[in-house]
Structure formats: C-alpha cells, structure tokens
Peer 1: 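Sharing a structure with you now.
Numbered from 1 within each chain, the chains take letters A, B, ... in sequence-line order.
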Amino acid sequence: MKAFISEQLSQIINQLKASGQLPDDFQPRIQIDNTKDKAHGDLATNLALMAAKPAGKKPRELAEQVVSLLQADAGFMQQVSKMEIAGPGFINFFLSQGALTAVVGQVLSEGARFGQSDTGQGEKVQVEFVSANPTGPLHIGHGRGAAVGDCLCRLLQATGWDVTREFYYNDAGAQINNLALSVQARARGLGPEDPSWPEDGYRGDYIQEVARSYMAGDTVVADDQQVKGEADPENTDAIRRFAVAFLRREQDLDLKAFGVAFDVYFLESSLYSEGRVEAAVEQLIANGYTYEEGGALWLRTTDFGDDKDRVMRKTDGGYTYFVPDVAYHLNKWQRGFKKVINEQGADHHSTITRVRAGLQALKVDIPEGWPDYVLHQMVTVMRGGEEVKISKRAGSYVTLRDLIDEVGCDATRYFLAARAPTSQLTFDIDLARSQTNDNPVYYIQYAHARLCSVARQAEEKGYGWNAEAAQACLDQLNTDQEQAVLNLLARFPEVVATAARELEPHQIAQYLRDLAAAMHSWYNAHQFLVDDEAVRTARLALAAATRQVLANGLDLLGVSAPESM
RNA sequence: GCGCCUAUAGCUCAACCGGAUAGAGCAACGGCCUUCUAAGCCGUAGGUUGCAGGUUCGAGUCCUGCUGGGCGCGCCA
C-alpha cells in the first residue's frame, strides 16, 4: 500500500515539474509513515512539507493541490476513503475497507511465506557468530551472540539471501595450550590453590570433569572427530586433543539445545596447515605495508586509520591473533561472499580496524568497509536481586546450558534477542523463569495459543469457512480492534525488511508484542464465534491470518508457537 | 589521554535512514471471569528524553562542547 501511494505521489511530483511549479532537479525522498494516532488516518506523508520551499508555496496550500490531484484519480480513490490535511501540512490517508482487509487474503494465501521478500536476490551472505574458544562452556554472552546471530540469519533468509552460518573455531594458539596445562594440572590432582598451578590456568569446575574423563579413558565424539582419553597425565598433546574435543562436544550440545545449527565450522588450525597464514603474511610484506622493529614484524595499520601500528609476528616467532583473522577473512572473500556479517561481543571491537586494515593492505579489491559487524554489548546476569559475576578464572559463571535448563529455550532466546544489540542487557533469571505475566515471551505465545483454540472450537461447532467465502465478508471487520490488527498485519513485511536491512532482530520482538497486544484487546472486546455467519467468518479469517503472522514472527526469533498453553 | 557504545517514566526497554500530543511491560492505584484460555482486558497516575548551545518548517533522533556509565586501547584472544 505504501508503495502504491508512493508511486502516485511521484507521478504528481512529475506533473508539478512539467507545469513548472516545481524545479526539475527536485528529488525528494517520498516518505510515507504509519500514523501513531488513528485520528491521523492509516498512513501519512510529509511531501508538502518537503516540497513547500522549492515550490515557493505554503505547505498547506501545496497539500491542497496534491490532494485535489489525487482525488481526480478514480483508481486511487478506490484504495483511499478519505484524505485530510493536518498540522503544518501533513496529508493523512484513510484507507478504504477494501484496502485495509486485502492483507487477510494475502496472508492466508502466502501462509508461512507472508513477510518474505527478495531483497537479497539469492546473493550469498555469510554470518559468523558465537565463535567461542574451546576453552570452556558457552556462557550467557555467547548466548546473546547465538540468539542475535541466528535471528539475523533467519531475517536474511526471509529477505532472499543465501545464508551460510559459520563458527570460527579457535583451536590454535596460547589459550589452547593454557587449557591443556590446566587439564594436565587437574589430572595430576592439583587445584588452583597449589603453588605449581599454571599461571592464568582455567580454574572452573569443568576442567576437573575434563581431567576425570581423560583419566578414565573415555571416548569423546564431537561432530567431526573422535578422541579417546589416553589417561596419561604427562602426554600434553593427548590432553590438548582430548580437551578440545571434549569442550567442543559440550558447546555443540549447548547450541543444539538452543536451536542453533551452523553450516560451517571453520578451524583456525586449517589456516596454518593449508599455508593461508603464511601466504597472507607474504602478500602483506610484498605490498610494502610491513617493517621489522625490535625483533618483531609490524603491519602499518596506521595507513588505514588505526591509531598505532600492530605487531604481526612476535619475537618468539608466533603470529598475533589478528593475522590468522586476516587470512580467514581473505578466505571468506575468496569463497565469494560479497556480504559478510560478523556478530561479536563489543569487547572485541578493536579487532575491526585491524582486520579491515589487513584486508586493504592485501590489495585484492576488497571494499573498504568490508566486512560488516554487529556488536552486542555486555550481558549482566541478575539472580535473587544480585549480580552474578562472570569469570572463567574464578570458575563461577552462568552457562548458557544453565539458562536453557532453568528458564527454557524460548524465553532465553526471546530475552537475548529482544533488545537492541547496542544496548547493555540485564538478564534477570528470576524474571525470565517466572511463569507469570511478568514474562513477555508467554504473552506472545499465549496470543497464538488462544487463536489456535478458537480455530479448534470453530471446527468442533461446525463453523466451516474457506478463504474464498471469507473474502466476501471482510467488510464486516469494522471494529476499532479489528482495524488495529489489520494495520499491524499489513506492516509485517515492512518490519521484516527493515529489521533485516538494519540487522536488528529486536524489531521483530517489538512488533510481535504490539501484534499480540492488539490481538488480546480484540479477543477481549469481541466474541469470535457469534451466530451471524458473515461476521463470524470474517473474524475467523482475521484470526487465522493473525495466528499465521504471529507464527511467522516467532519463527524469525527461533521461538516456538505453541497451539495450546 | 585516545577510540567505540550508551544516557528516555521508580525499574527494564521501544520510538520505522528528522515528523504531529515521546510509547510498552513491570512496579503503584481502581475496575472486568455464569460468555471462544484472566499467562488476558479496560482505566488512573507517572517525563524539561543527562546538561548547554547549534542546524530547520520541525530534533529523543543530526552537529559541537560538557557530565555520568560500559567496553577497548598487549609482542593476550
């Protein structure tokens, strides 16, 4: 509908240009807004405000002119019942009943596809998220990354992109050594309090479990590997392999319980074994962006906007973490991903400049702002009114698994995805696990369940209907509550498109709350299963359409849509 | 000191690339279950959008400066 009005308005602009009333070079961004207040109609445009100055007219005067031109168009007036000029010069559109109810038929025929679009045109996009080190269980911060990242993927799929979900698996480097040494210490019966406990060793209880399992000779089956514990506390290599496999299996199980599945697990170690790190380094040297100083090799990242140059190769010969990262992203580019989104915690934001600088220095025509980043802020966990500290060192923290077990997958996903990623998040465990009306996720699910229940009872009472019959009755949907629901249903495709474009899954959560609220109000104000067949059929059709959109929206969040509660 | 994020109702958060009277939930107060699920609905109250300037028809939104909070500023990842 917006597109339709927008098209009409741009024709009018052209008419005004042709008659010399607007300068030829006037190119406004035609803006059609959803009104906040029903008194302002269904849609509104600020066109007259934008064009008043170029036209040399008062906004309201110009608005009058636009309205009368629109009124002369019979086809247009079939969709719009009334226009009003309001405030400083807004034109308010009141949609005709036919235009308002058209969405019902559309939802019923498109079903699960309603809301989808083809913006991505089948282009490949890769989303990297979670990418936790295999040095411990996933915690709530990873959970936020998983929820946001997975919802982004769902949004991109819904808008026509060919999505690859990828987990960068950091299985090389110092942290893994540290992990192996920590498990080894436990295997030798040491604890964090012992003087010979490794410096910066991981102190968490889970290390003890890994050590116990290793010493028991257990076999760990992770998705692409199978490792048996050697039960030898002196074999550091065997411990390392076992510990990595063990923790990877744990993470896989956590993600599975969270409803998140990846298409690709990319191993950092493969970048070394396939020579990709070396190749990238050589390219950077050949391009002249490096220099040696103090026994280390430096990359001149300041050429690309960094505030200081960065060490690539340490004096001990090892590479700093961002070097394999550059090689990894070069590989993403070479795999043909023109669009790449990295979902990470904001505490790693300093890597962005470095990775982009490295990619520019490779001189392989990667665009300057590539790849995109979505950074989520920290999560604070509250329990019993007190903050729960997250610390791997201390070994006391809330794991993602704890949350899923305690509050459920649906509520956890909803809470972690329902807020803007840029906003710090307080996760109140007591609130999220409460089965009371404090909990917003149930509010939406309940709306869905109620509509399912209505449909079941309609069937039991023999109130059959079909989409074709319903089409003829839709003019019966004339209560305030029904008009509000219709408006919201019509907005859904636009909400999905905007959320996908801005990479903001929380817009879906917000929308679903609004739709659920409109539905509950409607449900309370009017009986659906009434004797009047036309009214009943129209309401059942709108109820079915609303149920469908609630289900489609919940699916974008990865939250279930129960048929009864 | 520098960079990124942020500041909106008592609390947790929205506000669609600048639009009309800044909205929800929770908490508070008052109503609604012989009627399709009360995990619900209706109503009341709650605000100088951190502060000070600027840009314009119009600013929570954009710009500048201040103040407070978070994160980062390693030859850690």
Side-chain angles (χ1 to χ4, degrees), chain A residues 29 31 33-37 39-40 44-46 49-50 52-53 58-59 86-90 92 133 135 170 173-175 178 200 268 294-298 306-308 310-322 324-325 345-353 375-378 380 418-426 428 431 434-447 449-458 461 491 494-495 497-499 501-502 504 506-507 509-511 513-514 516-517 519-530 539 543 564-565:
Chain A
R29 199 185 80 243
Q31 196 177 328
D33 291 320
N34 306 297
T35 53
K36 289 175 189 163
D37 187 340
H40 296 147
T45 184
N46 61 355
L49 293 166
M50 308 278 284
K53 193 173 276 186
K58 290 178 184 166
F90 292 101
N92 295 333
N133 289 342
T135 53
N170 199 323
Q175 301 216 22
N178 196 3
D200 296 330
E268 183 191 12
L297 181 68
W298 296 69
D306 204 352
D307 30 350
K308 51 182 150 181
R310 306 291 168 176
V311 169
M312 292 172 61
R313 192 169 54 220
K314 300 178 279 185
T315 49
D316 70 5
Y319 291 111
T320 55
Y321 70 92
F322 88 93
D325 240 22
D347 53 338
H348 287 86
H349 79 262
S350 62
T351 66
I352 297 175
T353 311
L375 302 178
H376 64 258
Q377 295 291 322
M378 302 291 96
T380 311
R419 305 234 155 90
T422 51
S423 160
Q424 286 172 45
L425 177 66
T426 304
D428 186 332
L431 173 66
S434 71
Q435 297 274 318
T436 68
N437 54 357
D438 301 353
N439 204 332
V441 63
Y442 296 121
Y443 181 83
I444 300 165
Q445 292 181 318
Y446 184 43
R450 271 182 149 179
L451 293 172
C452 289
S453 173
V454 168
R456 279 194 299 270
Q457 290 177 53
K461 294 185 178 181
R491 276 193 53 201
E494 172 197 341
V495 170
T498 305
R501 187 183 64 238
E502 319 224 321
E504 292 187 339
H506 74 281
Q507 292 190 19
Q510 198 70 27
Y511 169 84
R513 195 164 220 300
D514 291 345
M519 180 272 150
H520 284 306
S521 290
W522 177 40
Y523 183 95
N524 265 69
H526 302 283
Q527 195 79 12
F528 295 3
L529 303 176
V530 292
R539 289 182 177 168
S564 64
M565 290 175 73

Peer 1: Roughly how many Å apart are B:rU49 and B:rA24, using the C1' atom of each and rounding to a whole number?
Peer 2: 16 Å
Peer 1: From A:Q510 CD over to A:E504 CD, what is the distance, rounded to the nearest 0.5 angstrom?
Peer 2: 11.0 Å
Peer 1: What is the distance, to the nearest angstrom, from the CG atom on A:L425 to the P atom on B:rC5?
Peer 2: 19 Å
Peer 1: Distance to the ring centre below 6.0 angstrom and angle to the axis at most 45 degrees; does that hold for A:R310 and A:F322?
Peer 2: no
Peer 1: B:rA14 P sits how many Å from A:K36 NZ, rounded?
Peer 2: 16 Å
Peer 1: What is the distance, to the nearest angstrom, from the CZ atom on A:R450 to the C1' atom on B:rA39?
Peer 2: 9 Å
Peer 1: Find the distance A:M378:CE to B:rC4:P and express it as a whole number of Å.
Peer 2: 17 Å
Peer 1: For A:Q457 and A:S453, what are the C-alpha separation, side-chain angles and deciding distance, and is it a side chain to side chain donor-acceptor pair (under 3.5 Å)?
Peer 2: CA-CA 6 Å; A:Q457 290 177 53; A:S453 173; 3.1 Å; yes
Peer 1: With the criterion set at under 5.5 Å between ring centres and under 30 degrees between planes, would B:rG72 be stacked on A:H348?
Peer 2: no
Peer 1: Return the stems involving RNA chain B, sorted by first number, where pairs are Watson-Crick (N1-N3 with N6-O4 or O6-N4) or G-U wobble (N1-O2 and O6-N3), both under 3.5 Å, and runs are 3 or more long.
Peer 2: B:1-7 with B:67-73, B:10-13 with B:23-26, B:28-32 with B:40-44, B:50-54 with B:62-66
Peer 1: Report the glycosidic orientation of B:rC33: syn if within 90° of 0, anti in every other case.
Peer 2: syn
Peer 1: Just to be sure I understand the rule, does A:H376 reach a base, reach only the sugar-phosphate, or reach nothing, if contact means heavy atoms closer than 4.0 Å?
Peer 2: nothing
Peer 1: Rounded to whole angstroms, how far apart are OH on A:Y523 and P on B:rC42?
Peer 2: 14 Å
